[in-house]
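Lettering follows sequence order; numbering is per chain, from 1.
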Amino acid sequence: CAFLKKLKRNGDSALNICTWSVWEEERYPEGIKWKFLEHKGPVFAPPYEPLPENVKFYYDGKVMKLSTKAEEVATFFAKMLDHEYTTKEIFRKNFFKDWRKEMTSEEKSTITNLSKCDFTHMSQYFKAQTEARKQMSKEEKQKIKEENERLLKEYGYCVMDNHKERIANFKIEPPGLFRGRGNHPKMGMLKRRIMPEDIIINCSKDSKIPPPPPGHKWKEVRHDNKVTWLVSWTENIQGSIKYIMLNPSSRIKGEKDWQKYETARRLKKCVDKIRNQYREDWKSKEMKVRQRAVALYFIDKLALRAGNEKEEGETADTVGCCSLRVEHIKLHPELDGQEYVVEFDFLGKDSIRYYNKVPVEKRVFKNLQLFMENKQPEDDLFDRLNTSILNKHLQDLMEGLTAKVFRTYNASITLQQQLKELTNPDDNIPAKILSYNRANRAVAILCNHQRAPPKTFEKSMMNLQSKIDAKKEQLADARRELKSAKADAKVRRDEKSKKTVESKKKAVQRIEEQLMKLEVQATDREENKQIALGTSKLNYLDPRISVAWCKKWGIPIEKIYNKTQREKFAWAIDMAEEDYEF
DNA sequence: GTGCCGACTTAGCAAACACATG
DNA sequence: CATGTGTTTGCTAAGTCGGCAC
């Protein structure tokens, strides 16, 4: 459809005109995700293989032979022995409770104290296994690789409408011990083995329905074309549903991704109005409206998440904007020469700490003081607000607007601005890429995408530094050689020595360039110590901005996106020209 | 409104892999 | 060719948000 393709090229939203994809030949009515879906079902975790006889478990110093079920769960713990969390009280308590459920009554009556359990022999056995796997011959490794490829080929793809699509996670999660992030009350609980009887298959009626493993039945086979998943089951820790879905490279995911950025671009058009509106609302007579307006200001300015309520005791204690509590902020009328500073300190998604001191407008500050009046530290800051109220309001301001759109919008617009600001036309490619990474980094910092500093960070920095030192020496040598060659040429005045000068010059230049590249690399790495760029790149930055930037400055797209990322963003690579504006 | 569920996106970490280096 | 290092991929937990029942 040439018309739609042109719309796409111009970056205009075809979505405003129709809700189906320009990639798809056929149109879908509202809510319909596909017409035909065929797949081979999931791959189950390999069955438990009992330990060899010579691997012993000891209870209270004495050898004890465990039943297969109890042994399996014991191996989960043994495999984690080196990990810090097996020392944690909650982890141990949860594990022991669930382990006991798997024991025979005899085992249950004997094994009453986890501290008397000795898993070290089992642990050593697994370590030896890991080691042996590493030492495998090339042929053996090749064989495993081929087996994996076979599995991928057989189960890793499906047919959705007229396309063969890659499946994201076709393997069922194996049983093990649950480890939540942060201080999770359920850490150590047994994540049970998923059986075909737990599995719901979703595919089209007229497709070849995947057969369950011999001797088993599916829980259900359904034909729901209003959803995108192929397989689902209910997980036993939180009771939530898990899905098998398509890879980000698929039409259905790509289209959704595109749509997400188009919504963010629509926000761009009305964000000024919305900002004026919430600034007005700071003065509202209604408490609810004021809270809503201050929360929205945080979401917009600081890219905070919406912050749904969570069930207490079921998950780690983390918050987002609407669920902030009084204890998470401190108000400083004056701090380090700045007025009206709010100090945030709370755990967000994945228990990542958000710590920030932000000067805010006086009205916001005064409102916060008001919201905190007569409250305990553990009380909600925005007691008249939740995500549902906020999102309903946002919906009124713009169709399709929700709290998370602000994160997408601010991330993408920041990238675009930073790229404009930081890219120096005279820079060479590595320096331009450094600029790109810095722009990316600005976004990651905004979104608080942190990572644990790599374990080998210091060492790797030192290695890089010594490389730089070596290169500097090499450069000094090359310069000396050039100098003497020049002197030589002056005396001799023949062609050969002139040529030598030229080649020495080139050598110096080459080394200078290499040195610069290394120094750029060092800067980049140092600045990136605790920052994770991947998440924003993958989820928040309109890929068309990056594609356009690459085109504009002649940077090969491979320098910015690796293979997987290029597959995910194929739609954008295909679509964006160098003049694309977010 | 509130609580709950279902579907989907977003997230950091660890294992696997690829590639450079000695 | 082994080894070490940086990059990529896999894994799955943890969010968002809409819809439904009460």
For this session: Keeping the roles fixed (side chain from A:N410, backbone from A:D300), state whether a donor-acceptor pair exists under 3.5 Å.
Result: yes
For this session: Would you please confirm or rule out a distance under 4.0 Å between OP1 or OP2 of B:dA11 and any side-chain N or O of A:Y540?
Result: yes
Problem set entry | Of A:Q565 and A:K310, the one whose closest DNA chain C nucleotide lies more 5' | A:Q565
Seminar exercise, completed: Nearest-nucleotide check on DNA chain C, A:K563 vs A:F178; residue mapping nearer the 5' end is A:K563
Problem set entry | Cationic tip of A:K191 above A:F178 ring, under 6.0 Å, 45° of axis | no
For this session: Find the distance A:N247:CG to C:dT8:C1' and express it as a whole number of Å.
Result: 14 Å
Exercise. Looking at A:H163, A:M160, A:R251, which hits side chain to side chain contact (heavy atoms under 4.5 Å, CB included) with A:L246?
Worked result: A:M160
Exercise. Which word best sums up how the rings of A:F344 and A:F298 line up, parallel for under 30°, tilted for 30 to 60°, or perpendicular for over 60°?
Worked result: perpendicular
Exercise. Okay, side chain of A:H39, backbone of A:L230: is any donor-acceptor separation there less than 3.5 Å?
Worked result: yes
Below 3.5 Å between N/O atoms, which protein atoms pair up with nucleotides 16-19 of chain C? Just atom names and distances, please.
{"unit_1": "C:dT16", "atom_1": "OP1", "unit_2": "A:A306", "atom_2": "N", "d": "3.3"}
{"unit_1": "C:dT16", "atom_1": "OP1", "unit_2": "A:G307", "atom_2": "N", "d": "2.7"}
{"unit_1": "C:dT16", "atom_1": "OP2", "unit_2": "A:N308", "atom_2": "N", "d": "3.0"}
{"unit_1": "C:dT16", "atom_1": "OP2", "unit_2": "A:N308", "atom_2": "ND2", "d": "3.0"}
{"unit_1": "C:dC17", "atom_1": "OP1", "unit_2": "A:T402", "atom_2": "OG1", "d": "2.8"}
{"unit_1": "C:dC17", "atom_1": "OP1", "unit_2": "A:A403", "atom_2": "N", "d": "3.2"}
{"unit_1": "C:dC17", "atom_1": "OP1", "unit_2": "A:K404", "atom_2": "N", "d": "2.8"}
{"unit_1": "C:dC17", "atom_1": "OP2", "unit_2": "A:N391", "atom_2": "ND2", "d": "3.1"}

For this session: Determine the contact category for A:S388: base if any of its heavy atoms lies under 4.0 Å from a base atom, sugar-phosphate if only primed atoms, P, OP1 or OP2 are that close, otherwise nothing.
Result: nothing
For this session: Whole angstrom is fine here: how far is it from NZ in A:K253 over to C1' in B:dC8?
Result: 6 Å
Exercise. Are any side-chain N or O atoms of A:K310 and backbone N or O atoms of A:A316, one a donor and one an acceptor, separated by less than 3.5 Å?
Worked result: yes
For this session: Mind calculating the distance between CG (A:N169) and C1' (B:dA15) to the nearest angstrom?
Result: 17 Å
Seminar exercise, completed: Of the listed B:dC8, B:dG12, C:dT12, the closest approach to the A:A532 side chain comes from B:dG12
For this session: Could you state the atom-to-atom distance from CZ of A:R407 to C1' of B:dA11 in whole Å?
Result: 10 Å
Exercise. For B:dA7, does OP1 or OP2 lie under 4.0 Å from any side-chain N or O of A:S232?
Worked result: no
Problem set entry | Integer-rounded Å distance: B:dC8 P and A:K226 NZ | 12 Å
Seminar exercise, completed: Heavy-atom nearest pair, A:P175 first then A:R192, reads CB-C, 4.0 Å
Exercise. Any idea which of B:dA11, B:dA14, C:dT8 is nearest the A:N562 side chain?
Worked result: C:dT8
Exercise. Nearest to the side chain of A:R222, which nucleotide is it out of B:dA7, C:dC11, C:dG15?
Worked result: B:dA7
Exercise. Could you state the CD1-C1' distance from A:I244 to C:dC11, rounded to the nearest angstrom?
Worked result: 13 Å
Exercise. Which of residues 344-355 of chain A have a heavy atom under 4.0 Å from DNA chain C?
Worked result: A:G348, A:K349, A:D350
Problem set entry | Phosphate-side-chain proximity, A:H449 and B:dT10, N/O vs OP1/OP2 below 4.0 Å | no
For this session: Look at all strands and tell whether A:T228 reaches a base, only sugar-phosphate, or nothing, counting heavy atoms closer than 4.0 Å.
Result: sugar-phosphate
Seminar exercise, completed: Between A:W218 and A:P210 the two heavy atoms that sit nearest each other are NE1-O, 2.8 Å
Problem set entry | Short side-chain donor-acceptor distance under 3.5 Å, A:N247 and A:E567 | no
For this session: Check every strand shown and say whether A:K191 touches a base, only sugar-phosphate, or nothing at a heavy-atom separation below 4.0 Å.
Result: sugar-phosphate
Seminar exercise, completed: The residue, A:K145 or A:Y243, whose nearest nucleotide of DNA chain B is more 5′ is A:Y243
Exercise. C:dA14 phosphate, OP1 or OP2: any side-chain N/O from A:T315 under 4.0 angstrom?
Worked result: no
Exercise. NA contact type, A:P174, heavy-atom cut-off 4.0 Å: base, sugar-phosphate, or nothing?
Worked result: sugar-phosphate
Problem set entry | Exercise: do A:R179 and A:Y85 side chains pair donor with acceptor under 3.5 Å | no
For this session: Calculate the interatomic distance between A:K242 atom NZ and B:dT9 atom C1'; express it in whole Å.
Result: 14 Å
For this session: Could you check A:N448 against A:N148 and say which one's nearest nucleotide on DNA chain B is further toward the 5' end?
Result: A:N448
For this session: Using atom CG of A:D257 as one end and atom C1' of B:dT10 as the other, report the distance to the nearest whole Å.
Result: 11 Å
For this session: Among A:D379, A:D317, A:D380, find the residue that satisfies the salt bridge (charged side-chain N to carboxylate O under 4.0 Å, His left out) test when tested with A:R325.
Result: A:D317
